[in-house]
Amino acid sequence: MISKKSGLVTRRSLLKSTAATGAALSVGGVNLFNVNRAFADMANPADVLAKINVANYVNKDYQKQYGLNGDELMWDPNKDWIRTADWEAIRKEHGGKTVRFLISSDDRESALQGTQPFKDLSGINIDLVAIPDGDMKNKIVSEAMSGNPSFDCMQFFSPWLGDFAAQGLLAKLDDYAAKWKLPLDDFYDTYRLNYANFGDKGMFGIPFDCDIQQVHIRKSIFKQVLGKDPDSTTTIPTYEEMVRLAPELNKAQKGVAGIGMMAGRGFWATYLWEHVAAQHGMMLFDDKWEPIFNGDAGMKGLETILALSKHAIEGVAAADWPTNRGAFLGGQIACNISWQDSGTQATRPDQSKLGDDILTIYEPRVAGGTYCPPNIAGSTSSVAATSPEPEAAFLLLSFLTTSSIMAMNEANANGVAPGYRSVLNNENLRKVSQPAKIWAESLDYAWCSPRLPSAFDMEQEIGFQINDAIVGKVGAKEALDNAAAKVKEIMTKSGFYAGKDPVSYASMAPGLNLGAGKKAPI
């Protein structure tokens, strides 16, 4: 379930999960001289779609755990693209074509062993182009620049969207989305604006793994400390209260640390700091793309993290996602700042010791700050600008990201997160996803870092400096000032401040802080 992407350890492994295996792809070709005969022998689309359901896609143990019948709809059929698409028209226009899909080599075997609903529906064949995870970014850039890449489409870490779009490596998808009626209005704005669009330049991706960071707590330990059952609203209403509770949580139970965070070097520490600093009102840039995160709000966020780190699990300054996940699901953390899927996976007996001893809470606030749960990672699906079959590739990606399959990914607790309103507000989905209600209510307030050229390089540099502060090598102010200088240098090399920025701030601004000016939901 955990894979490495571009040298990054992530939670995303579409094709290794039960849900994804049901949506996995086939290889091979159709004799183009016998296309009409082949289409005549193809399955009725309705029959194929009827099998894309909970009974066939969701882990059997999870179905039993939640008393599912197998026919539950965890999505809206009127919003589920695979159930509204004109498959006869797709077959007529694209049947017999082959789409080359760039994937991790770790996923190739499971893909080859999977079923083929997309081919059954569309008549489009899939050729899997498998490479090591660490080579993904270089593969996309070098082959696209060559003009003759070995792939048509790919899924990648969303902070790279700005790099690829600015270099002209991605195909624009606006016309295809309109033609095939992709339900873009069903995506939460934070994902549509940041995982699909590159400012006002157009649509270059379809959101795939739609993350958010949340706070998860152990109910039994909080009850021990507070003398009453915790709730999602008042137990930790502010980060000041989290800091106050941290030492008590840290000594409540032997072997359980008060606080869990991902404060490892590089982007892990950046995401943690952005999470907390955003609640203080921190923004990374002003409207001229000048770094401003080393101001008062950024400092308050880092100071909060430094205070929490005194009562955090041992080794927190080196903690990445797998480390944090293992410790939390293993019962070693009382209060965890982490991804939303910790709140789902914690309830699965095969993944966690916690069971029902888990509660995802609303994002703590700060006085004078804003309510803006952070959407800061995730992944995007895109088509290569040089693809000879861009429309067929778009159709494949639309299938893989459709709401029913994404809903069942969440039901399988495999870490591939849906970004659809119709899914996260679905009561059947909420029965199997402990954090879904608060997750859904939070997304209209989400904060997101801009997908700029070299965005990931900047996240790495910021995180190096923040980690230095966490381990005591430098002070908080020096760390953020150093980070701002590094970011300014990277931005300059990426073409900013030279009279014509690669993308305007005004075009990116609507997606950066959806909570600005809004009253918090709690």
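Index from 1, following the sequence.
With hydrogens and angles disregarded, no donor-acceptor distance shorter than 3.5 Å links the side chain of Asn250 to the backbone of Ala257. A donor-acceptor contact shorter than 3.5 Å links the side chain of Ser352 to the backbone of Ala346. Side-chain atoms of Thr270 come within 3.5 Å of backbone atoms of Gly463 as a donor-acceptor pair (strictly under, hydrogens ignored). Side chain of Thr238 to backbone of Glu241: a donor-acceptor contact under 3.5 angstrom is found. Proximity of a side-chain donor or acceptor of Asp186 to a complementary backbone N or O of Ser422 within less than 3.5 Å is detected. Although no hydrogens or angles enter the test, the distance criterion places no donor-acceptor pair under 3.5 Å between the side chain of Glu274 and the main chain of Ile376. Judged by distance alone, the side chain of Ser381 and the main-chain N or O of Phe208 form no donor-acceptor pair under 3.5 Å. The backbone N or O of Phe267 lies less than 3.5 Å from a partner atom in the side chain of Gln460, making a donor-acceptor pair. The main-chain N or O of Gly511 is found under 3.5 Å from a side-chain atom of Asn194 such that the two form a donor-acceptor pair. Under a 3.5 Å cut-off, the side chain of Asn513 and the backbone N or O of Gly515 do form a donor-acceptor pair.
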**Study point:** Worked verdict on Glu441 versus Tyr362 for side-chain hydrogen bond (donor to acceptor under 3.5 Å, both in side chains)
**Key:** CA-CA 9 Å; Glu441 292 177 6; Tyr362 287 95; 2.5 Å; yes
Practice item. Go through the steps to decide whether Met299 and Asn294 satisfy the test side-chain contact (heavy atoms from CB on, under 4.5 Å), and finish with yes or no. Key: CA-CA 6 Å; Met299 276 292 297; Asn294 54 333; over 6 Å; no
Exercise for review: For Gln213 and Ser338, run side-chain hydrogen bond (donor to acceptor under 3.5 Å, both in side chains): C-alpha distance rounded to whole Å, both residues' side-chain angles, the deciding distance at 0.1 Å, then the answer.
Suggested key: CA-CA 5 Å; Gln213 283 200 358; Ser338 186; over 6 Å; no
Practice item. Applying side-chain contact (heavy atoms from CB on, under 4.5 Å), run through Thr347 and Asp356 and close with a yes or a no. Key: CA-CA 6 Å; Thr347 65; Asp356 292 332; 5.5 Å; no
**Study point:** Residues Lys431, Glu427; criterion salt bridge (Lys or Arg N to Asp or Glu O under 4.0 Å); working and verdict
**Key:** CA-CA 6 Å; Lys431 291 176 183 177; Glu427 290 303 320; over 6 Å; no
Practice item. Test Tyr195 against Arg451 for side-chain contact (heavy atoms from CB on, under 4.5 Å), laying out the working first. Key: CA-CA 8 Å; Tyr195 290 25; Arg451 271 47 181 158; 3.6 Å; yes
Point to revise | From CA spacing to verdict: side-chain contact (heavy atoms from CB on, under 4.5 Å), Tyr420, Lys79 | key: CA-CA 9 Å; Tyr420 291 102; Lys79 293 285 188 179; over 6 Å; no
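Counted by atom type alone, Ser433 and Glu410 present one or more donor-acceptor pairs between their side chains at under 3.5 Å. No side-chain N or O of His216 forms a donor-acceptor pair with one of Ser342 less than 3.5 Å apart.
Looking at every heavy atom in both residues, Arg430 comes nearest to Ala436 through CG-CB, 3.8 Å. Residues Pro230 and Ile217 come closest through the heavy atom pair CB-CD1, 3.9 Å. In this structure, Ile337 and Asn324 approach most closely via the heavy-atom pair O-ND2, 4.5 Å. Taking each heavy atom of Ala278 and Thr370 in turn, the nearest pair found is O-CG2, 3.3 Å. The nearest pair of heavy atoms linking Ile82 to Thr402 is N-OG1, 3.3 Å. Looking at every heavy atom in both residues, Val474 comes nearest to Gln465 through CG2-O, 4.3 Å.
A salt bridge links Asp80 to Arg83: at least one charged side-chain nitrogen sits closer than 4.0 Å to a carboxylate oxygen. A salt bridge links Arg421 and Asp444; the closest N-O separation between the charged side-chain nitrogens and carboxylate oxygens is under 4.0 Å. Using a 4.0 Å cut-off between a side-chain N of Lys or Arg and a carboxylate O of Asp or Glu, Asp468 and Arg265 qualify as a salt bridge. Using a 4.0 Å cut-off between charged side-chain N and carboxylate O, Arg244 and Glu240 make no salt bridge. The pair Asp61-Lys64 fails the salt-bridge criterion, with no side-chain N (NZ, NE, NH1 or NH2) lying under 4.0 Å from an Asp/Glu carboxylate O.
Here the OG atom belonging to Ser403 is positioned 11.5 Å from the CG atom belonging to Asn409, to the nearest 0.5 angstrom. Interatomic distance, Phe293 CZ to Asp481 CG, rounded to the nearest 0.5 Å: 9.0 Å. In this structure, the separation between OH on Tyr445 and OH on Tyr371 is 8.0 Å, given to the nearest 0.5 Å. One finds the CZ atom of Arg325 at 12.0 Å from the CG atom of Asp320 (value rounded to the nearest 0.5 Å). Within the model, atoms OG1 of Thr380 and CE of Met154 stand 10.0 Å from one another, a figure rounded to the nearest 0.5 Å. In this structure, CG on Leu514 lies 9.0 Å from SG on Cys448, to the nearest 0.5 angstrom.
Using cut-offs of 30° and 60° for the angle between ring planes, the Tyr271 and Trp339 rings count as perpendicular. Taking the six-membered ring for Trp and thresholds of 30 and 60 degrees, Tyr191 and Tyr188 have ring planes more than 60 degrees apart, a perpendicular arrangement.
Taking the six-membered ring for Trp and the full ring otherwise, the centers of Phe164 and Phe204 sit at least 6.0 Å from each other.
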Please table the atom pairs, donor to acceptor, closer than 3.5 Å between any side-chain atom in residues 301-317 and protein atoms at least two apart or in another chain.
| unit_1 | atom_1 | unit_2 | atom_2 | d |
| --- | --- | --- | --- | --- |
| Thr304 | OG1 | Lys300 | O | 2.9 |
| Ser309 | OG | Leu306 | O | 2.7 |

Would you tabulate the side-chain donor-acceptor contacts of residues 67-75 under 3.5 Å, counting partners in other chains and residues two or more places apart, or write 'none'?
| unit_1 | atom_1 | unit_2 | atom_2 | d |
| --- | --- | --- | --- | --- |
| Glu72 | OE1 | Asn69 | N | 3.3 |
| Glu72 | OE1 | Gly70 | N | 2.9 |
| Glu72 | OE2 | Asn69 | N | 2.6 |

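Checked against Trp447 for a side-chain contact (heavy atoms from CB on, under 4.5 Å), the options Leu512, Leu284, Asn375, Ile212 give a single hit: Leu284. For the salt bridge (Lys or Arg N to Asp or Glu O under 4.0 Å) with Asp357, the lone residue among Lys223, Arg218, Lys219 that qualifies is Arg218. Under the side chain to side chain donor-acceptor pair (under 3.5 Å) test applied with Tyr239, the options Arg365, Glu363, Gln279 reduce to a single match, Glu363.
Atom NZ of Lys488 sits in a crowded spot, with more than 12 heavy atoms from other residues, nucleotides or ligands closer than 6.0 Å. Around atom NZ of Lys477, more than 12 heavy atoms belonging to other residues, nucleotides or ligands sit under 6.0 Å away.
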